[in-house]
Protein chains: 2
Amino acid sequence: MSTEGAKRQPKYQRIADELRDAIQAGQYRPGDRLPGENDLMADHGVARMTARQALGVLQSEGIVESRKGAGVFVRAFRPLRRQGIQRLARSQWGEGRSVWSVDTEDRTLVVDRVRVTEQGAPEHVARVLGVEEGEPVCVRSRRFVLDGKPVLLATSYLPAGLVAGSSIAQEDTGPGGTYARLAELGSEPVHFREEIRSRMPTAGEAEQLKLSTGTPVMLICRTAFTDEGRAVEVNEMTLDSASYILEYAFDA
Amino acid sequence: MSTEGAKRQPKYQRIADELRDAIQAGQYRPGDRLPGENDLMADHGVARMTARQALGVLQSEGIVESRKGAGVFVRAFRPLRRQGIQRLARSQWGEGRSVWSVDTEDRTLVVDRVRVTEQGAPEHVARVLGVEEGEPVCVRSRRFVLDGKPVLLATSYLPAGLVAGSSIAQEDTGPGGTYARLAELGSEPVHFREEIRSRMPTAGEAEQLKLSTGTPVMLICRTAFTDEGRAVEVNEMTLDSASYILEYAFDA
DNA sequence: AAGTGGTCTAGACCACCCG
DNA sequence: GGGTGGTCTAGACCACTTC
């Protein structure tokens with residue numbers, strides 16, 4: 001056999017560690033190609049599956065990305081910054097600018113695949129909106145794309161009775177967006193709650209967001225309340241975690 | 001786009017889908033054992049590695065957890081709720097209760113492995129605190145454990161000159177914690193910014209938080225400012241995403 | 001056409017957990 | 001002790017990308 005000393009760790013881990021260190025040390029920069037499976041087999045005298053496993057480790061850590069037929073490449077991290085509180089200040093959406101245009105920071109975030117339907121409220125949405133399960137709600141789904149890469153899926157739910165006949169039920173909600181329309185309907189949202197969690201994406205999410213393996217999603221569920229404390233919208237968002245930093249600024 | 005045959009999918013994906021559906025349908029409940037590698041080989045007539053790959057898919061999705069020598073089990077999700085804004089209201093830390101006790105919600109969150117040192121400010125911290133890189137800062141590291149399971153790592157940085165001689169440089173900061181001491185020093189934090197991102201854990205993070213594969217971490221970086229807008233603390237937190245939901249409530 | 005990663009087989013030995 | 005997952009080998013064919 002080979003030398004005994006270094007057997008404390010699995011081979012694939014040692015190979016992965018070596019590559020990770022090289023990346024951290026700057027020997028490979030974002031976008032660079034790493035040694036492929038064949039290179040690792042030759043360099044380390046190891047079987048195919050073992051080299052593969054080593055690359056799999058880095059891939060599932062999200063620091064590396066494989067492209068079929070091309071190679072394995074170092075990933076970059078260049079996120080957007082999403083201002084959780086300022087974005088919802090009245091001054092932002094009262095002035096005809098889209099809520100979302102605040103996001104962009106000079107890159108262009110475009111909306112894509114808008115779909116507006118009416119359907120029965122799912123259980124968890126019904127509970128938050130304070131309606132019966134299955135009661136009709138207006139469902140607005142959109143996807144947002146940045147420089148050709150989808151970064152955000154958003155689905156909002158509003159009581160169907162509340163928005164009937166308004167442009168909220170249309171694809172284009174007009175200047176100021178949904179919240180300006182709600183205000184005109186006498187249900188101005190003034191209080192918000194955002195709940196955030198993170199997990200690995202489902203297959204469907206990974207496909208819609210074109211996520212590479214090893215990239216989690218962040219989930220934001222925002223509930224909008226009127227001044228009477230009535231919930232008028234639930235907005236469920238799914239964010240590519242490699243594309244976003246969330247920011248909340250507030251006073252003690 | 002007719003889906004003829006549907007055999008375009010790899011075997012391991014079909015097996016993974018089948019198991020996932022069964023879990024979603026409630027055939028396997030949290031804590032239950034799934035069919036193992038040998039079962040899948042027999043049931044589907046595939047090789048070891050293929051059955052393994054199928055289970056690997058579910059594992060990296062975080063919905064399943066393998067225990068060496070025992071089997072593969074369905075994971076549960078029972079998170080804590082962390083109130084991002086109310087937790088920092090003066091009423092919370094002015095009254096002698098720890099900032100963190102607000103988290104617990106009747107389960108017990110205990111602090112563990114406190115370490116307080118003085119060292120040179122890392123670059124990104126120095127930039128935020130507005131000091132020179134390498135200037136001495138007080139570094140407070142803690143780990144928080146819930147029911148025996150570590151859920152949160154926190155490291156905060158404060159200018160060494162500011163906190164010298166106060167109990168902030170001790171392991172026990174006394175009633176009201178760091179922020180109450182800062183207030184006594186004339187640097188009461190009144191404004192906060194929290195930045196949130198998510199990614200897969202490093203090997204070290206996975207070990208310290210005892211994370212099972214397929215679990216991302218959430219990173220919160222909080223900066224605390226005085227009323228003059230001077231940054232007095234940077235707190236970097238690493239959260240087990242399977243243990244936390246973050247909540248921010250605010251007004252338009 | 002050559003090279004790459006993606007899938008798959010059929011064996012093997014090990015460390016670990018449980019009854 | 002028997003079963004489980006963890007690691008590893010040595011082959012194979014395929015789809016895809018790049019030149």
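We name chains A, B, ... by the order of the sequence lines, and we start the count at 1 in each one.
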Atom CZ of Arg115(B) with >12 non-hydrogen neighbours under 6.0 angstrom: no
In this structure, how many angstroms lie between the [atom2] atom of [N] and the [atom1] atom of [X], rounded?
{"X": "Gln53(B)", "N": "dG6(D)", "atom1": "CD", "atom2": "P", "value": "14 Å"}
{"X": "Gln13(A)", "N": "dG6(D)", "atom1": "CD", "atom2": "C1'", "value": "12 Å"}
{"X": "Met41(B)", "N": "dT9(C)", "atom1": "CE", "atom2": "P", "value": "9 Å"}
{"X": "Leu40(A)", "N": "dG3(C)", "atom1": "CG", "atom2": "C1'", "value": "15 Å"}
{"X": "Glu37(B)", "N": "dC8(C)", "atom1": "CD", "atom2": "C1'", "value": "15 Å"}
{"X": "His44(A)", "N": "dT7(D)", "atom1": "NE2", "atom2": "C1'", "value": "17 Å"}
{"X": "Glu65(B)", "N": "dG6(D)", "atom1": "CD", "atom2": "C1'", "value": "16 Å"}
{"X": "Met49(B)", "N": "dG11(D)", "atom1": "CE", "atom2": "C1'", "value": "14 Å"}

Which nucleotide in the list [options] gets nearest to the side chain of [X]?
{"X": "Pro10(A)", "options": "dC8(D), dC8(C), dG5(D)", "answer": "dC8(D)"}
{"X": "Ala47(A)", "options": "dA10(D), dT9(C), dG5(C)", "answer": "dA10(D)"}
{"X": "Arg33(B)", "options": "dT4(D), dG5(C), dT7(C)", "answer": "dT4(D)"}
{"X": "Thr50(B)", "options": "dT9(C), dC8(D), dG5(C)", "answer": "dT9(C)"}

Between [X] and [Y], does any side-chain N to carboxylate O distance fall below 4.0 Å?
{"X": "Asp17(B)", "Y": "Arg20(B)", "value": "yes"}
{"X": "Arg193(B)", "Y": "Glu195(B)", "value": "yes"}
{"X": "Glu18(A)", "Y": "Arg14(A)", "value": "no"}

Of Leu34(B) and Val46(A), whose closest DNA chain D nucleotide lies nearer the 5' terminus? Leu34(B)
Using a cut-off of strictly less than 4.0 Å, decide whether [X] has a side-chain nitrogen or oxygen near OP1 or OP2 of [N].
{"X": "Ser66(A)", "N": "dG6(C)", "value": "yes"}
{"X": "Asn38(B)", "N": "dG3(D)", "value": "no"}
{"X": "Arg52(A)", "N": "dG5(C)", "value": "no"}
{"X": "Tyr12(B)", "N": "dT7(C)", "value": "yes"}

Nearest 0.5 Å, please: how far is [atom2] in [Y] from [atom1] in [X]?
{"X": "Thr50(A)", "Y": "Leu55(A)", "atom1": "OG1", "atom2": "CG", "value": "11.0 Å"}
{"X": "Leu239(A)", "Y": "Ile245(A)", "atom1": "CG", "atom2": "CD1", "value": "12.0 Å"}
{"X": "Arg52(B)", "Y": "Leu40(B)", "atom1": "CZ", "atom2": "CG", "value": "12.0 Å"}
{"X": "Glu118(B)", "Y": "Leu158(B)", "atom1": "CD", "atom2": "CG", "value": "11.0 Å"}

Hey, can you pull the residues of residues 204-212 of chain B with a non-hydrogen atom under 4.0 angstrom from DNA chain C? none
Taking for each residue the nucleotide of DNA chain C bearing the nearest heavy atom, is the 5' side occupied by Ala51(B) or by Gly71(A)? Gly71(A)
Are a donor atom and an acceptor atom from the side chains of Arg142(B) and Ser156(B) found within less than 3.5 Å of each other? yes
Going by atom types alone, do Thr173(A) and Arg140(A) pair a side-chain donor with an acceptor below 3.5 Å? no
Please examine the side chains of [Y] and [X], heavy atoms only from C-beta on, and report whether any two atoms are closer than 4.5 Å.
{"X": "Ile23(B)", "Y": "Val64(B)", "value": "yes"}
{"X": "Thr215(B)", "Y": "Pro201(B)", "value": "no"}
{"X": "Tyr12(A)", "Y": "Met49(A)", "value": "no"}

To the nearest 10 degrees, what angle separates the axes at the start and end of the helix from dA1(C)-dT18(D) to dC18(C)-dG1(D), five pairs each? 10°
Go along nucleotides 12-19 of chain C 5' to 3' and tag each nucleotide: B for a protein heavy atom under 4.0 Å from its base, S when only backbone or sugar atoms are that close, - otherwise. B---BB--
